[in-house]
Novice: 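Quick one: this structure, given as structure tokens, is what I'll be asking you about.
Keep in mind that what you see is a predicted model, and the values were worked out from it rather than measured. Note on naming: letters A, B, ... go to the chains in the order of the sequence lines (proteins, then strands), and numbering restarts at 1 for each one. Any value given below was found using the heavy atoms of this structure, including those in side chains, with hydrogens, waters and symmetry copies removed.
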There are 2 protein chains.
Amino acid sequence: MTAQGKPRYQQLKEMIIGRIMSGELQPRDRVPSENELVNAMNVSRMTANRALRELTDEGYVDRVAGIGTFVTDLKAASHVLEVRNIADEIERRGHTYSAIVHKQERQHASAEIREALQAVAGSDVFHVLVVHQENGVPIQLEDRYVVEDFAPDCLQQDFTKITPSAWLSGISPLQEAEHIVRATMPGKAVRERLGIDEQEPCLLVLRRTWAHGRPVSFARLHHPGSRFELTGHYAPPGTKKSNPITADVIELGKLQQ
Amino acid sequence: MTAQGKPRYQQLKEMIIGRIMSGELQPRDRVPSENELVNAMNVSRMTANRALRELTDEGYVDRVAGIGTFVTDLKAASHVLEVRNIADEIERRGHTYSAIVHKQERQHASAEIREALQAVAGSDVFHVLVVHQENGVPIQLEDRYVVEDFAPDCLQQDFTKITPSAWLSGISPLQEAEHIVRATMPGKAVRERLGIDEQEPCLLVLRRTWAHGRPVSFARLHHPGSRFELTGHYAPPGTKKSNPITADVIELGKLQQ
DNA sequence: CGGGCTTGGTTGTATATACAGGCTAGTGCA
DNA sequence: TGCACTAGCCTGTATATACAACCAAGCCCG
């Protein structure tokens, strides 16, 4: 039912994206090769090549010369959405990751949570409260709500072994993500679970993620201001990124005089 | 002097980017057409087409069928880096923007600033300290350092009329940007200039920007935690973005119980 | 003088073809 | 049995060619 007026390479792209979004093609699955698309879709190989190459640029697939084309796995897919897995981040730094699960339950959605998740009145949501630790030191308090029918087996998961965000990504590829970042003074409940004192601010990240075109999860991520920072480095495609700023300069948060 | 091993479309791209970065091609200037590249560079039109098409995707040029290819102007270029202008953001919300310039001077670079800007010992930098206000209320304290020879006329600018970041973008297209976001308790100097009390945390954004392949500016941006938030909404290309989260839900920063 | 048409330049797309290089699996030889 | 080599598949790139759509400028004709 693709529009007739669209270019054929665009139709090819949309067909493949549709298969990925619908779940027919899972992460790491093999995508039809250029020659298979030539035969099946009645296009030239250059047209199939353009479609797959653009999907590569957009982060949907990875290509390996001589092997084939594959749906990007979760780690690579996170690049598109810039949604990161805190456990991977910690292990990439060579530190040990651990988690404490404080809550894992089904509950009635409050009015605010219903609005964030676009859920109807009276619906239930799963609520997970987990502290993520780096070398045993709390670094994130995750207060997450998940739409019930998106992930029915939420209560059976062991969130000390897989983070909620990694688990959600595995259920279905994430389509959209929304972030809001604020600096706050945390309440007593947050302070106790993060092990910080009354004077320490928190970096609060509010995150909503979409799948199948609707919000499926909403999370409040509290980070101790003294132990956490968000980083980003933007460069045009094809450019070599420069070295990141050093820790010494990071410490320079104070205004002189 | 381009490397021989690179694909020819990539060499073409780098040649054109080089002309843009060097200033030979100014914004709105016409870029050689595909056929001109075919004759001048001895490539096929498909190869020239690919180079120009990818430059379009990367935001360097705009193409109009039947007319030609043109270097994108500054406003469009900033989209590539996702670097935002706070004055534009405020006016987009329908509020009035104003600025107070506290400092605008040349000074010796401290060791930390020299390292961030990769400057040699003994070099001077420009230092600008500006408070940005929304409807008269301070919303950002900008503490910025600029490499001297990148912008020699820094002391002649009126930063109540144009923000430093907008001014820098106008000198040369930005190639790279690095951000670090932290939650901090500000010192007295910051508190006084932002008009906040001792209990209020700040969202601190450290930003370095590159042009011509080197760092040209480093800024510390302090924002009152109660009046400012960073937002981001990521969706794959071609996807319709959903409605942003509502202010009501944003306010829900507290952990229940 | 003015309006419609033609012409040439430009981008956008599609195809057929060709060669290079990486990888796998299977064949065949020692 | 074990190793080397080869055939085949896949991606990556490059070229020549073709047609469609768009636009501007100029020409022609009324």
Side-chain angles (χ1 to χ4, degrees), chain A residues 2-17 19-20 25 27-73 76 237-240, chain B residues 2-17 19-20 25 27-73 76 237-238:
Chain A
T2 48
Q4 299 303 317
K6 293 185 182 178
R8 309 195 68 173
Y9 77 92
Q10 187 66 34
Q11 295 178 28
L12 270 184
K13 284 174 64 179
E14 290 174 5
M15 185 265 296
I16 294 169
I17 290 174
R19 286 197 198 173
I20 294 174
L25 288 174
R28 296 192 167 275
D29 275 2
R30 186 172 173 283
V31 173
S33 73
E34 296 181 358
N35 279 321
E36 288 168 347
L37 290 173
V38 166
N39 295 326
M41 300 285 110
N42 199 33
V43 297
S44 74
R45 192 171 84 87
M46 284 305 296
T47 301
N49 177 274
R50 176 169 179 181
L52 291 176
R53 179 158 41 81
E54 293 195 0
L55 289 176
T56 305
D57 293 339
E58 293 165 14
Y60 287 103
V61 300
D62 285 327
R63 314 194 74 188
V64 184
I67 302 295
T69 303
F70 304 91
V71 179
T72 50
D73 63 13
T239 309
K240 264 202 178 176
Chain B
T2 49
Q4 299 303 317
K6 292 185 181 177
R8 308 196 68 174
Y9 78 90
Q10 187 66 35
Q11 295 178 28
L12 269 185
K13 285 174 63 180
E14 290 174 5
M15 184 267 295
I16 295 169
I17 290 174
R19 287 198 199 172
I20 294 174
L25 288 174
R28 298 191 167 276
D29 274 2
R30 186 174 173 280
V31 174
S33 73
E34 296 182 0
N35 279 321
E36 287 168 348
L37 290 174
V38 167
N39 296 326
M41 300 285 110
N42 199 32
V43 296
S44 74
R45 192 171 84 87
M46 284 304 297
T47 301
N49 177 273
R50 176 168 177 182
L52 291 176
R53 179 158 40 82
E54 293 195 1
L55 289 176
T56 305
D57 293 340
E58 294 163 16
Y60 287 103
V61 300
D62 286 327
R63 314 195 73 190
V64 183
I67 303 296
T69 303
F70 304 90
V71 179
T72 50
D73 60 16

Novice: If you compare all heavy atoms of Ala48(A) against all heavy atoms of Leu37(A), which two are closest, and at what distance to 0.1 Å?
Specialist: CB-CB, 4.0 Å
Novice: In whole Å, what is the span from the CE atom of Met41(B) to the C1' atom of dT15(D)?
Specialist: 17 Å
Novice: With distance as the sole test, does Thr72(B) use its side chain to make a donor-acceptor pair with the main-chain N or O of Tyr60(B) at under 3.5 Å?
Specialist: yes
Novice: How close do Leu12(A) and Ala51(A) get, counting heavy atoms only, and between which atoms?
Specialist: CB-CB, 3.8 Å
Novice: Is there a donor-acceptor pair closer than 3.5 Å between any side-chain N or O of Thr69(B) and the backbone N or O of Val31(B)?
Specialist: no
Novice: Provide, to the nearest angstrom, the distance between the CG atom belonging to Asp62(B) and the P atom belonging to dC22(D).
Specialist: 19 Å
Novice: Would you say the side-chain atoms of Gln10(B) pair up with the backbone N or O of Pro7(B), donor to acceptor, closer than 3.5 Å?
Specialist: no
Novice: Does Arg30(B), at its CZ atom, have more than 12 non-hydrogen atoms belonging to other residues, nucleotides or ligands within less than 6.0 Å?
Specialist: yes
Novice: Roughly how far, to the nearest 0.5 Å, is the OG atom of Ser33(B) from the CZ atom of Arg45(B)?
Specialist: 9.5 Å
Novice: Compute the angle between the rotation axes at the two ends of the helix from dC1(C)-dG30(D) to dA30(C)-dT1(D), each taken over five pairs, rounded to 10 degrees.
Specialist: 20°
Novice: What one-letter contact string describes nucleotides 3-13 of chain D from 5' to 3', where B marks a base within less than 4.0 Å of any protein heavy atom, S marks contact via sugar-phosphate atoms alone, and - marks no contact?
Specialist: -------BBBB
Novice: Whole angstrom is fine here: how far is it from NZ in Lys13(A) over to C1' in dT13(C)?
Specialist: 14 Å
Novice: Give the minimum heavy-atom separation between Arg28(B) and Phe70(B), together with the two atoms involved.
Specialist: O-CD2, 3.7 Å
